[in-house]
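Shown next, in structure tokens, is the structure this report addresses.
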Amino acid sequence: MSGKTHEKDLCEHVMELARRRGFFWQSYEIYGGVAGFYDLGPLGVRLKNKIVELWRRYFIQQHQDIVVEIETPIIGPAKVYEASGHVEHFTDPIVECLKCGRKFRADHLVEDKLKIKVEGMSVDELTKIIREHGITCPICGGELSEVKLFNLLFKTIIGPYSENIGYLRPETAQGMFVNFKKVYEIMRKKLPLGIAQIGRVARNEISPRQGMIRLREFTIAEVEFFFDPEDPDENGILSKYMSERAKSKLLVITAEARKRGEEKPEEFSLEEMVREKIVATPWLAYWMAVAKEFVEALGVPGHNIVFEEKLPEERAHYALQTFDQLVKVSRWGWIEVSGHAYRTDYDLSRHMKYSGQDLRAFKQFEKPKTIKKKVVVVDKAWLGRTFRSRAPEIMKLLEQISVEEVERAIVEGKPIKINEFEIPPDRIRIVEKVEKITGRHFLPHVVEPSFGVERLVYVTLEYAYSVKENRVVLKLPRYLAPIEVAVFPLVQDERLVKLAKELYRKLVEAGFYVVYDDSGSIGRRYARVDEIGVPVAITVDFETIENGTVTLRDRDTWRQVRVGIDKVVEAVRKFIYEGAKLEELGQPVGGG
RNA sequence: GCGGCGGUCGUCUAGCCUGGACUAGGACGCCGGCCUUCCAAGCCGGUGAUCCCGGGUUCAAAUCCCGGCCGCCGCACCA
């Protein structure tokens with residue numbers, strides 16, 4: 001499933017365009033550049049912001065009754081990432097073969113060779129074991145280096161004390177988990193609840209390549225979606241949303257199919273995904289459908305979007321099931337643009353344990369349940385008088401004895417023996433207590449759709465890139481265009497220039513991003529704005545002076561219509577944000 | 001991290017093997033002017049290169065050698 005060579009230069013063209021026109025470029029270029037870091041230029045920032053805005057529309061605005069957005073720090077204390085499992089699971093002990101240069105997981109190597117458990121063993125201990133047992137490179141037999149730890153987390157120090165370690169977050173997710181209880185309360189304790197965040201993350205990749213595709217610092221847009229695992233369709237919310245997307249179809253390669261060696265994806269409707277248990281929980285499928293719709297809105301055709309289920313060994317430590325959303329790109333074949341993980345209650349349970357805080361949700365039963373319960377009651381006054389300072393100890397021991405055992409002793413009239421102590425049956429009795437339970441405490445489960453935004457920027461550009469009559473035309477979806485309108489006077493005639501500048505002002509005041517250009521020939525100016533994806537170019541010509549109309553030119557068809565100058569703002573809005581066809585906006589212009 | 005290949009104006013590139021006339025050439029772009037009544041037209045002028053960085057060899061290095069950085073590909077690694 002890898003990209004083949006004949007399409008290769010598309011990526012190069014996109015990268016070249018991105019550099020030349022200011023979408024993005026490698027960071028720190030004047031110092032030779034650093035791998036895995038990219039800068040966004042003026043157009044790149046606008047495009048990224050628009051993509052993020054679109055993401056918000058799909059994941060938050062359309063789900064505003066159940067999803068809210070927060071923002072949390074990039075740096076977190078060590079404890080948070082110990083709890084999340086990243087300190088442990090993002091750290092691999094690695095040995096390198098001094099002869100062939102291959103690297104191996106040191107722990108796996110030792111476990112395989114010696115059949116012993118080495119979990120939790122230090123680097124030095126592992127090195128020692130390797131040396132003592134003369135373990136060598138399993139491939140070439142060469143000598144092995146010392147064991148080194150490799151952790152993808154960027155480490156830093158919080159404040160002046162070096163022991164106060166912090167980590168840069170490798171995902172925004174922990175910000176949501178840490179804040180779950182608070183947001184849950186703010187949202188008046190309703191489930192399901194999605195908490196979204198868009199922000200920078202950092203991962204110290206060993207050797208990042210592939211330009212914008214694999215970065216050491218990038219932007220993630222993700223939702224941690226919390227729901228009651230025993231009642232995912234609480235209040236019919238799941239059903240409501242599912243029915244809204246009933247027509248959604250997803251191309252999926254299941255883990256099972258992959259194990260069979262299958263490479264072709266199978267198409268499932270959203271309903272089939274759930275009914276045939278392709279997904280471990282229905283919400284996972286639902287958010288996959290939203291994710292696909294969103295990626296389509298970036299300009300990727302549905303047949304180039306596939307969900308691939310990860311094999312157990314490929315999954316992150318927190319996931320019970322994971323699907324990657326893959327998009328086909330020219331150079332690298334199928335690349336992941338989002339991950340959809342069923343994180344269960346892993347994160348909340350870990351934070352509960354590490355923080356000591358109760359992070360459980362509470363759900364009231366419709367009717368409180370009453371439970372009859374037998375309780376052992378001791379004559380505490382007697383107990384205290386008799387055993388004095390040892391009484392509390394006995395109380396504790398008594399709790400560990402089952403009610404049935406005590407009951408039996410009472411019935412038989414025998415004393416209850418607890419270690420060396422004896423309690424006569426008349427000092428103890430069984431009481432039936434009625435307990436009222438109004439609801440249940442539980443840890444919500446979580447599904448997580450998570451997007452790499454820079455990848456989306458790249459994918460969007462690549463799918464928009466086209467060549468027409470030897471000119472580059474960036475056919476971005478209109479609503480994503482960094483610059484929305486261009487205004488040109490046909491030639492540098494004072495009257496036309498004046499009118500064009502007025503129109504420019506008017507469009508700017510209406511809220512659009514507009515370029516004005518009166519240099520060179522009109523054709524050159526059209527070409528320049530085509531290349532950065534400006535959807536519509538407006539030209540003020542001599543007819544404008546006569547009858548107050550201007551031409552609107554469609555980037556994709558190069559066709560033109562004439563529109564009254566006073567109707568331009570509305571026409572542009574309709575064209576860019578309401579999907580109107582050019583021909584609906586005014587009178588067609590012949591020729592040109 | 002290992003191996004292979006590569007790195008020259010904003011972009012694409014000539015030159016590198018065979019060191020010297022290279023003050024590094026061209027094209028496109030970009031800027032200014034002229035021209036121009038709708039698709040990168042034309043003319044004039046201009047701008048623009050740490051020849052990736054550092055060291056070495058040499059009288060002399062874009063060119064040869066070594067080290068590093070960065071990129072691409074393969075391996076390894078990888079939410």
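Just so it is clear: chains get the letters A, B, ... in the order the sequence lines come, proteins before strands, and each one is counted from 1.
- Side-chain atoms of A:Arg203 and base atoms of B:C78 include no donor and acceptor less than 3.5 Å apart.
- Pairing for B:C75 is with B:G1, a Watson-Crick or G-U wobble pair whose two hydrogen-bonding atom distances lie under 3.5 Å.
- Considering only side-chain atoms of A:Val34, the nucleotide from B:C39, B:C70, B:C73 that sits closest is B:C70.
- When distances are taken from the side chain of A:Arg553 to each of B:C73, B:C38, B:C39, the shortest belongs to B:C39.
- In this entry B:C70 has B:G6 as its Watson-Crick or G-U wobble partner, both defining distances falling under 3.5 Å.
- B:A14: no Watson-Crick or G-U partner with both key distances under 3.5 Å is found in any strand.
- Each of B:G10, B:C70, B:C38 was ranked by its minimum atom distance to the side chain of A:Ala35; first place goes to B:C70.
- Within the nucleic acid shown, A:Thr172 has no heavy atom closer than 4.0 Å to any nucleic acid atom.
- The cationic group of A:Arg46 lies under 6.0 Å from the six-membered ring centre of A:Tyr513 and within 45° of the ring axis, placing it in a cation-pi geometry.
- Between B:C38, B:A40, B:U36, one nucleotide has an atom nearer to the side chain of A:Arg528 than all others, and that is B:A40.
- As judged by a 4.0 angstrom heavy-atom cut-off over every strand, A:Gln492 is placed among the base-contacting residues.
- Across all strands shown, A:Gly211 has heavy atoms under 4.0 Å from sugar-phosphate atoms exclusively, and none from any base.
- Cation-pi check for A:Arg553 over A:Tyr526 is met; the charged atom lies under 6.0 angstrom from the ring centroid and within 45 degrees of its normal.
- Residue-level contact check: A:Gly33 touches the backbone only, with heavy atoms under 4.0 Å from sugar-phosphate atoms and none from bases.
- When each of A:Ser338 and A:Tyr526 is assigned the nucleotide of RNA chain B bearing its nearest heavy atom, the one mapping closer to the 5' terminus is A:Tyr526.
- Side-chain N/O atoms of A:Glu469 and base N/O atoms of B:C39 include no donor-acceptor pair closer than 3.5 Å.
- Taking every side-chain heavy atom of A:Arg20 into account, B:U11 is the closest of B:U11, B:U37, B:C38.
- Among the atoms of the strands shown, only primed sugar atoms or phosphate atoms (P, OP1, OP2) are found under 4.0 Å from some heavy atom of A:Arg19.
- For A:Arg524, taking side-chain heavy atoms from C-beta onward, the closest of the listed nucleotides B:C38, B:U37, B:C30 is B:C30.
- When the nearest nucleotides of RNA chain B are assigned to A:Thr322 and A:Val550 by heavy-atom distance, the more 5′-ward of the two goes with A:Val550.
- Nucleic acid contact for A:Thr551: base, since at least one base atom lies under 4.0 Å from a heavy atom of the residue.
- A cation-pi arrangement, defined by a distance under 6.0 Å to the six-membered ring centre and an angle within 45 degrees of its axis, is present between A:Arg478 and A:Phe575.
- When heavy atoms are screened at a 4.0 angstrom cut-off, A:Glu531 is found touching base atoms of the nucleic acid.
- Among the nucleotides B:C39, B:U37, B:C73, the one closest to any side-chain atom of A:Arg471 is B:C39.
- Residue A:Glu16 is in sugar-phosphate contact alone, with no base atom involved, counting any heavy-atom pair closer than 4.0 Å across all strands shown.
- Ring-plane geometry between A:Tyr342 and A:Phe227 is classed as parallel, the angle between the planes falling under 30 degrees on a 0 to 90 degree scale with a further cut at 60.
- With rounding to the nearest 0.5 angstrom, the CD1 atom of A:Ile198 is 9.0 Å from the OG1 atom of A:Thr172.
- Heavy atoms of A:Leu496 sit nowhere under 4.0 angstrom from any nucleic acid atom.
- With distances taken from any side-chain atom of A:Leu152 to the nucleotides B:C78, B:G71, B:U37, the minimum falls on B:C78.
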